Undergrad: 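What follows is a structure written as structure tokens; I'll ask about it next.
Keep in mind the model is a prediction, meaning the values are calculated, not measured.
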Amino acid sequence: MDEFYIDETLYHGRPHSAAGRLDKEMACYDLLDELEIPFARADHGPAGTIEICEAVEKVLGEKICKNLFLCNRQRTQFYLLMLDGEKVFKTKDLSKQLGVARLSFGSAEEMERLLNVTPGSVTVLALMHDRDNRVQLVIDRSVARAARISCHPCINTSTIWFSTDDLLRKLLPAVHHEPIFVDLPEGEGEA
């Protein structure tokens with residue numbers, strides 16, 4: 001593994017300073033504070049590999065939730081899927097449950113336009129930017145059953161966790177998104 005920066009401190013709440021942080025990251029902390037959602041935060045270099053995510057999980061004391069930006073073949077329906085980071089994602093399993101003939105990954109341009117995030121930074125918190133409800137949130141039940149969820153605050157150089165109850169009862173109503181719950185199987189295999 002290449003040299004990777006990780007702050008070994010688990011912080012509770014927002015950074016003391018916005019210096020060096022993107023406005024969209026600070027907007028995530030503003031939203032969580034406004035909704036009175038307590039959260040913990042780990043700061044690190046860009047989290048782009050499983051190994052880096054495992055190092056971040058050690059600081060967080062939580063598993064990182066996988067967030068995927070998907071679309072139908074016609075690119076008219078968009079989905080943000082939250083699933084257990086250790087599950088292998090198979091499009092056929094999700095397509096069947098959603099009643100969508102074919103799913104693929106959305107483009108970087110679509111992700112930026114609809115959620116104001118770039119690849120590697122997809123997060124449920126980005127739904128605050130989807131004011132026209134173009135993106136359907138889909139949550140695997142294993143994530144919904146967990147006590148906490150972890151995600152990036154619209155940038156992959158920090159990772160936060162907060163309670164799943166706060167996600168479902170406070171955050172999602174505030175950003176006007178109703179999730180669809182699915183049961184994705186455990187297992188190995190190709191997507």
Undergrad: OG/Ser121 to CE/Met111 distance, rounded to the nearest 0.5 angstrom?
TA: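 Going from the OG atom of Ser121 to the CE atom of Met111 covers 9.0 Å.
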Undergrad: List for me each residue that meets side chain to side chain donor-acceptor pair (under 3.5 Å) alongside Ser163, sequence neighbours excluded, and say none if there are none.
TA: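 Partners of Ser163 by the side chain to side chain donor-acceptor pair (under 3.5 Å) criterion, ordered by chain and then number, come out as Asp166.
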Undergrad: Can you sort out the partners of Asp132 under salt bridge (charged side-chain N to carboxylate O under 4.0 Å, His left out), two or more places apart, ordered by chain and number?
TA: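 Here no residue qualifies.
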Undergrad: Within the structure provided, determine whether Ile149 and Ile139 are in side-chain contact (heavy-atom separation under 4.5 Å).
TA: no
Undergrad: Holding to side chain to side chain donor-acceptor pair (under 3.5 Å), I want the full list of residues that pass it with Glu110, two or more places apart in sequence or in another chain.
TA: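 Once residues adjacent in sequence are excluded, the partners of Glu110 under the side chain to side chain donor-acceptor pair (under 3.5 Å) criterion are Arg75, Ser107.
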Undergrad: Name all residues meeting the salt bridge (charged side-chain N to carboxylate O under 4.0 Å, His left out) criterion together with Asp93; count only those two or more places apart in sequence or in a different chain, and write none if there are none.
TA: none
Undergrad: Give me the atom names and distance for the closest heavy-atom approach of Pro15 to Arg21.
TA: CG-NE, 3.3 Å
Undergrad: Just checking Glu36: does its CD atom have more than 12 heavy atoms from other residues, nucleotides or ligands closer to it than 6.0 angstrom?
TA: no
Undergrad: When clusters are formed from ILVMFWY side-chain contacts under 4.5 Å, directly or step by step, what else is grouped with Ile155?
TA: Leu22
Undergrad: Tell me, with the steps shown, if Leu167 and Ile37 meet side chain to side chain contact (heavy atoms under 4.5 Å, CB included).
TA: CA-CA 9 Å; Leu167 168 72; Ile37 297 176; over 6 Å; no
Undergrad: Throw together a table of side-chain donor-acceptor distances under 3.5 angstrom for residues 172-185, partners on residues two or more places apart or in other chains.
TA:
from	atom 1	to	atom 2	distance (Å)
His177	ND1	Val175	O	2.8
His177	NE2	Asp130	OD2	2.8
His177	NE2	Val135	O	3.4
Asp183	OD2	Arg141	NE	3.2

Undergrad: Measure across Ala42 and Val56 and return the closest heavy-atom pair with its distance rounded to 0.1 Å.
TA: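 Looks like CB-CG1, 4.4 Å.
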Undergrad: Restricting to non-hydrogen atoms, name the atom on Cys53 and the atom on Ile64 that form the minimum distance, rounded to 0.1 Å.
TA: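 Distance-wise, the nearest heavy atoms are O-CD1, 3.6 Å.
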Undergrad: Please give me the minimum heavy-atom distance between Thr123 and Cys154, naming the atom from each residue.
TA: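 Taking Thr123 first and Cys154 second, the nearest heavy atoms are CG2-N, 3.6 Å.
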Undergrad: Is there a path of hydrophobic side-chain contacts, each under 4.5 Å between heavy atoms, that joins Trp161 and Leu35?
TA: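 No, it is not one cluster - the side chains of Trp161 and Leu35 are not joined through contacts under 4.5 Å.
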Undergrad: With side chain to side chain donor-acceptor pair (under 3.5 Å) as the test, pick out the partner of Asp140 among Gln97, Arg145, Lys87.
TA: Lys87
Undergrad: Kindly work out whether a path of hydrophobic side-chain contacts (I/L/V/M/F/W/Y, heavy atoms less than 4.5 Å apart) joins Leu98 to Val124.
TA: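 They do not share one cluster, since no chain of ILVMFWY contacts under 4.5 Å joins Leu98 to Val124.
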Undergrad: Quick one: do Phe162 and Cys151 satisfy side chain to side chain contact (heavy atoms under 4.5 Å, CB included)? Show the steps, please.
TA: CA-CA 9 Å; Phe162 53 94; Cys151 60; 4.0 Å; yes
Undergrad: What's the shortest heavy-atom distance between Pro46 and Thr157, and which atoms?
TA: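 Smallest interatomic distance, heavy atoms only, reads N-CG2, 3.8 Å.
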Undergrad: By salt bridge (charged side-chain N to carboxylate O under 4.0 Å, His left out), which residues pair with Arg41, not counting sequence neighbours?
TA: Asp43
Undergrad: When rounded to the nearest 0.5 angstrom, what is the spacing between CZ in Arg134 and CG in Leu127?
TA: 13.5 Å
Undergrad: Would you please name every residue forming a side chain to side chain donor-acceptor pair (under 3.5 Å) with Lys63, sequence neighbours left out?
TA: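 Lys63 satisfies side chain to side chain donor-acceptor pair (under 3.5 Å) with Glu86 once adjacent residues are dropped.
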Undergrad: In the structure I gave you, are the side-chain heavy atoms of Leu70 and Val100 within less than 4.5 Å of one another anywhere?
TA: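 No. Closest side-chain heavy atoms not under 4.5 Å.
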Undergrad: With clusters defined by side-chain heavy atoms of hydrophobic residues (ILVMFWY) lying less than 4.5 Å apart, directly or transitively, does Val122 cluster with Met128?
TA: yes
Undergrad: Linking I/L/V/M/F/W/Y whenever their side-chain heavy atoms sit closer than 4.5 Å, directly or via other members, would Phe69 and Leu83 fall into one cluster?
TA: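 They do not share one cluster, since no chain of ILVMFWY contacts under 4.5 Å joins Phe69 to Leu83.
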Undergrad: Under a 4.5 Å cut-off applied to non-hydrogen side-chain atoms, are Asn67 and Leu80 in contact?
TA: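 In contact.
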Undergrad: Atom CG of Leu60 and atom OG of Ser150: how far apart are they, to the nearest 0.5 Å?
TA: 6.0 Å
Undergrad: Are side-chain heavy atoms of Leu32 and Ile160 found at a separation under 4.5 Å?
TA: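 Sidechains of Ile160 and Leu32: in contact.
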Undergrad: Is there a side chain to side chain contact (heavy atoms under 4.5 Å, CB included) between Met82 and Leu137 once you walk through the steps?
TA: CA-CA 8 Å; Met82 298 175 68; Leu137 177 62; 3.9 Å; yes
Undergrad: Indicate the ring-plane relationship of Phe105 and Phe89, choosing parallel, tilted or perpendicular according to the 30° and 60° boundaries.
TA: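 Perpendicular, since the angle between the ring planes exceeds 60°.
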Undergrad: Going by heavy atoms in the side chains, are Ile6 and Ile52 under 4.5 Å from each other?
TA: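 No, their side chains stay 4.5 Å or more apart.
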Undergrad: Can you get from Val138 to Leu125 by hopping between Ile, Leu, Val, Met, Phe, Trp and Tyr side chains that sit under 4.5 Å apart?
TA: no
Undergrad: Tell me the ring pair (Phe, Tyr, Trp, His ring centres under 6.0 Å) pairs involving residues 127-152, sequence neighbours left out?
TA: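 Output for this query is empty, none listed.
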Undergrad: To the nearest 0.5 angstrom, please state how far the NE2 atom of His44 sits from the OH atom of Tyr5.
TA: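 Here the rounded value is 9.5 Å.
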Undergrad: Residues in salt bridge (charged side-chain N to carboxylate O under 4.0 Å, His left out) with Asp33, at least two apart?
TA: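 Partners of Asp33 under the salt bridge (charged side-chain N to carboxylate O under 4.0 Å, His left out) test: Arg14.
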Undergrad: Of all residues at least two apart in sequence or in a different chain, which pass the side chain to side chain donor-acceptor pair (under 3.5 Å) check with Asn156?
TA: none
Undergrad: According to ring pair (Phe, Tyr, Trp, His ring centres under 6.0 Å), does anything in residues 6-42 pair up with another residue at least two apart or in another chain? List the pairs.
TA: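 Output for this query lists Tyr29-Phe39.
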Undergrad: What closest approach, in Å, do Gly106 and Cys71 show between heavy atoms, and which atom pair accounts for it?
TA: CA-SG, 3.9 Å
Undergrad: Roughly how far, to the nearest 0.5 Å, is NZ of Lys96 from CG of Leu103?
TA: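 Going from the CG atom of Leu103 to the NZ atom of Lys96 covers 14.0 Å.
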Undergrad: What is the distance from atom CG of Leu68 to atom OH of Tyr79, rounded to the nearest 0.5 Å?
TA: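 Those atoms lie 14.0 Å apart.
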